[in-house]
Amino acid sequence: MLTRTEAIKEKILNEINTGRLKPGKLIPSRHQFMRRYSCSRGIVDRAVSELVSGGYLYGRQGSGTFVADNRCKSFSIKKVYLLDSFSRSEQMRYSNETSVLASEIQRICPCHIISKDEVKVSLGKIVCPGNAVIWMRPGYEDLLVMKYLSSAFIPQLQVGRNYDSYDYVATDPKSGIREGLKWLVKRAGKEILFVAQEIRTEWPYIAERQIAFYEICAELGIQLDASRIFVRDFKDLKKDVGELCSVVMAQKKFPKAIFILPVQAVLPFVMKIEERKKYAGTDFTLLIFD
């Protein structure tokens with residue numbers, strides 16, 4: 001959730017974006033904003049002050065606060081914020097991929113890595129002209145913040161995801177899964193046990209991967225057996241992995257080729273199946289994709 005101040009800033013920015021508040025024109029009084037948005041004077045003051053600091057509004061002594069004409073200015077990126085997933089207790093344990101990308105960006109302009117869990121408390125410094133944001137595999141829960149940054153004209157790039165109309169960089173699931181399945185078939189044959197997550201609207205990339213899997217199987221002449229397709233939501237990881245192991249062990253012929261899409265299920269599955277004396281690389285070949 002955005003703070004109350006951030007929510008009021010988003011409303012004011014939306015009025016600017018839609019033309020209700022026009023560049024160069026005086027904004028409504030603080031009391032008018034208070035009545036319009038049903039909030040306190042302190043919240044309005046903070047929201048307006050932060051928008052002035054960010055360059056979206058400007059004050060003219062003795063005259064009031066006016067809308068800046070940011071949309072007519074040429075945009076150049078002066079600072080990049082790289083948003084990745086890591087907790088405060090893991091401060092520097094972000095992915096090597098993120099570290100390499102940050103180093104490359106640093107050659108051109110300052111780059112700061114921030115945990116996505118901490119981004120809401122950093123919005124004040126992110127929302128400034130000249131800043132840009134790169135999201136590393138954003139989740140559906142990040143869309144509210146992405147919408148807010150978009151309303152503030154902050155350029156955003158997604159890595160590994162494709163939500164709404166935002167720019168993105170992502171792997172081609174078809175190419176990756178095609179190469180993976182060729183390798184799996186060569187090592188373990190065409191009788192594949194397929195493990196997938198249930199398709200959910202907040203994870204559009206899951207549907208892309210499942211469709212790619214079925215299409216490539218048809219392309220490679222892999223005939224799928226319904227008894228070897230395991231689909232769950234994997235919200236209760238322990239329960240679903242337990243059921244997966246039971247399905248695997250109940251097969252008349254132990255599956256030599258296993259393709260697991262939900263990466264969070266891989267380690268628990270391998271550990272559980274090893275308890276039953278079946279080992280990856282010896283008893284079965286495992287393909288994962290993330």
Side-chain angles (χ1 to χ4, degrees), residues 85 95 97 136-140 158-164 166-290:
S85 296
S95 69
E97 177 186 15
M136 303 301 289
R137 291 169 293 277
Y140 187 75
Q158 302 172 89
V159 176
R161 296 289 183 265
N162 177 17
Y163 292 126
D164 291 345
Y166 298 104
D167 292 332
Y168 68 97
V169 176
T171 55
D172 171 14
K174 270 194 173 182
S175 296
I177 289 174
R178 180 182 289 107
E179 292 306 308
L181 285 177
K182 285 180 179 178
W183 170 84
L184 185 62
V185 167
K186 186 175 181 180
R187 286 182 60 98
K190 291 186 176 182
E191 294 183 6
I192 298 173
L193 176 75
F194 179 52
V195 181
Q197 287 167 293
E198 291 180 349
I199 295 173
R200 294 162 58 181
T201 55
E202 61 263 45
W203 294 338
Y205 53 91
I206 290 176
E208 291 178 355
R209 294 173 182 182
Q210 289 198 34
I211 292 169
F213 169 75
Y214 293 121
E215 288 182 350
I216 301 305
C217 281
E219 179 184 309
L220 299 179
I222 299 171
Q223 294 185 350
L224 298 172
D225 186 331
S227 68
R228 294 192 171 210
I229 297 176
F230 185 89
V231 180
R232 297 288 189 279
D233 62 19
F234 286 95
K235 289 181 179 178
D236 187 338
L237 192 59
K238 184 177 180 181
K239 173 178 174 291
D240 289 334
V241 170
E243 290 181 4
L244 170 59
C245 291
S246 297
V247 167
V248 170
M249 297 307 296
Q251 297 280 318
K252 291 182 179 179
K253 183 179 178 184
F254 189 85
K256 297 291 185 181
I258 301 176
F259 180 18
I260 300 181
L261 273 181
V263 70
Q264 71 271 26
V266 174
L267 184 58
F269 169 75
V270 171
M271 293 176 66
K272 194 80 174 174
I273 214 76
E274 284 186 351
E275 291 176 3
R276 307 188 187 194
K277 308 302 181 185
K278 297 291 184 181
Y279 302 96
T282 303
D283 298 295
F284 64 95
T285 298
L286 180 64
L287 172 65
I288 62 175
F289 181 91
D290 185 51

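Below, all heavy atoms of this structure are taken into account, side chains as well, without hydrogens, waters or symmetry copies.
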- Task: May I ask you to test the Ile273-Phe284 pair for a side-chain heavy-atom distance under 4.5 Å?
- Result: yes
- Message: To check you understand the geometry: which heavy-atom pair defines the closest contact between Ser175 and Asp172, and what is its length?
- Response: OG-OD2, 2.7 Å
- Contact check, side chains of Phe259 and Leu286, non-hydrogen atoms, under 4.5 Å: no
- Message: Looking at Met271, I'd like to know if its CE atom is crowded, meaning that more than 12 non-hydrogen atoms belonging to other residues, nucleotides or ligands lie closer than 6.0 Å.
- Response: no
- What is the minimum heavy-atom distance between Gly139 and Tyr163, and which atoms define it? C-OH, 3.7 Å
- Task: May I ask you to check whether over 12 heavy atoms, not counting those of Tyr168, lie within 6.0 Å of atom OH?
- Result: no
- Message: If you define the side chain from C-beta out and look only at heavy atoms, does anything of Gln158 sit under 4.5 Å from Asp167?
- Response: no
- Shortest non-hydrogen contact from Ile199 toward Ala207: CG2-CB, 3.9 Å
- From Leu193 atom CG to Ser227 atom OG, the distance as rounded to the nearest 0.5 Å: 8.5 Å
- Contact check, side chains of Phe234 and Glu198, non-hydrogen atoms, under 4.5 Å: no
- Does some side-chain heavy atom of Ile258 sit less than 4.5 Å from a side-chain heavy atom of Thr285? no
- Query: How far does CG of Leu181 sit from CZ of Arg178, to the nearest 0.5 angstrom?
  - Reply: 9.5 Å
- Task: Could you tell me how the ring of Phe194 sits relative to the ring of Tyr214: parallel (under 30°), tilted (30 to 60°) or perpendicular (over 60°)?
- Result: perpendicular
- Which pair of non-hydrogen atoms, one from Gly189 and one from Ala257, has the smallest distance, and what is that distance? O-CB, 4.0 Å
- N-O pairing of Glu215 and Lys174 below 4.0 Å: yes
- Shortest non-hydrogen separation from Arg209 to Pro173 and the atoms involved: CG-CB, 4.2 Å
- Test side chain to side chain contact (heavy atoms under 4.5 Å, CB included), reference Ile260, set Leu287, Val270, Val195, output is Val195
- Does any N or O in the side chain of Gln210 come within less than 3.5 Å of the main-chain N or O of Gln197, such that one atom is a donor and the other an acceptor? yes
- Message: Assess the residue pair Ser85 and Met136 against the criterion (side-chain contact (heavy atoms from CB on, under 4.5 Å)); give the C-alpha distance rounded to whole Å, side-chain angles, the decisive distance to 0.1 Å, and a yes or no.
- Response: CA-CA 8 Å; Ser85 296; Met136 303 301 289; over 6 Å; no
- Task: Measure the shortest side-chain to side-chain distance between Val248 and Pro255 over non-hydrogen atoms and say whether it is less than 4.5 angstrom.
- Result: yes
- Heavy atoms, side chains only, cut-off 4.5 Å: are Leu261 and Ile206 in contact? no
- Message: Quick test of your reading of the model: are Glu274 and Lys278 salt-bridged, counting only N-O distances below 4.0 Å?
- Response: no
- Query: Looking at side-chain heavy atoms only, is the closest gap between Phe213 and Leu224 below 4.5 Å?
  - Reply: yes
- Task: Would you confirm whether Ser246, through its side chain, and Gly242, through its main-chain N or O, come within 3.5 Å as a donor-acceptor pair?
- Result: yes
- What is the minimum heavy-atom distance between Ile177 and Ala212, and which atoms define it? CD1-CB, 4.0 Å
- Query: Is the cationic atom of Arg228 (NZ for Lys, CZ for Arg) positioned less than 6.0 Å from the six-membered ring centroid of Phe230 and within 45 degrees of its normal?
  - Reply: no
- Taking atom CG of Leu184 and atom CD of Glu179, what is their separation to the nearest 0.5 Å? 13.0 Å
- Note on the structure: Rounding to 0.5 Å, atoms CD (Gln264) and CG (Leu267) come to a distance of 11.5 Å
- Would you check, one step at a time, whether the test side-chain contact (heavy atoms from CB on, under 4.5 Å) holds for Glu191 with Lys256? CA-CA 7 Å; Glu191 294 183 6; Lys256 297 291 185 181; over 6 Å; no
- Query: With distance as the sole test, does Lys190 use its side chain to make a donor-acceptor pair with the main-chain N or O of Leu220 at under 3.5 Å?
  - Reply: yes
- Query: Is the CZ atom of Arg276 crowded by more than 12 outside heavy atoms at less than 6.0 Å?
  - Reply: yes
- Message: So, using salt bridge (Lys or Arg N to Asp or Glu O under 4.0 Å) as the criterion, who are the partners of Arg161 when residues are at least two apart?
- Response: none
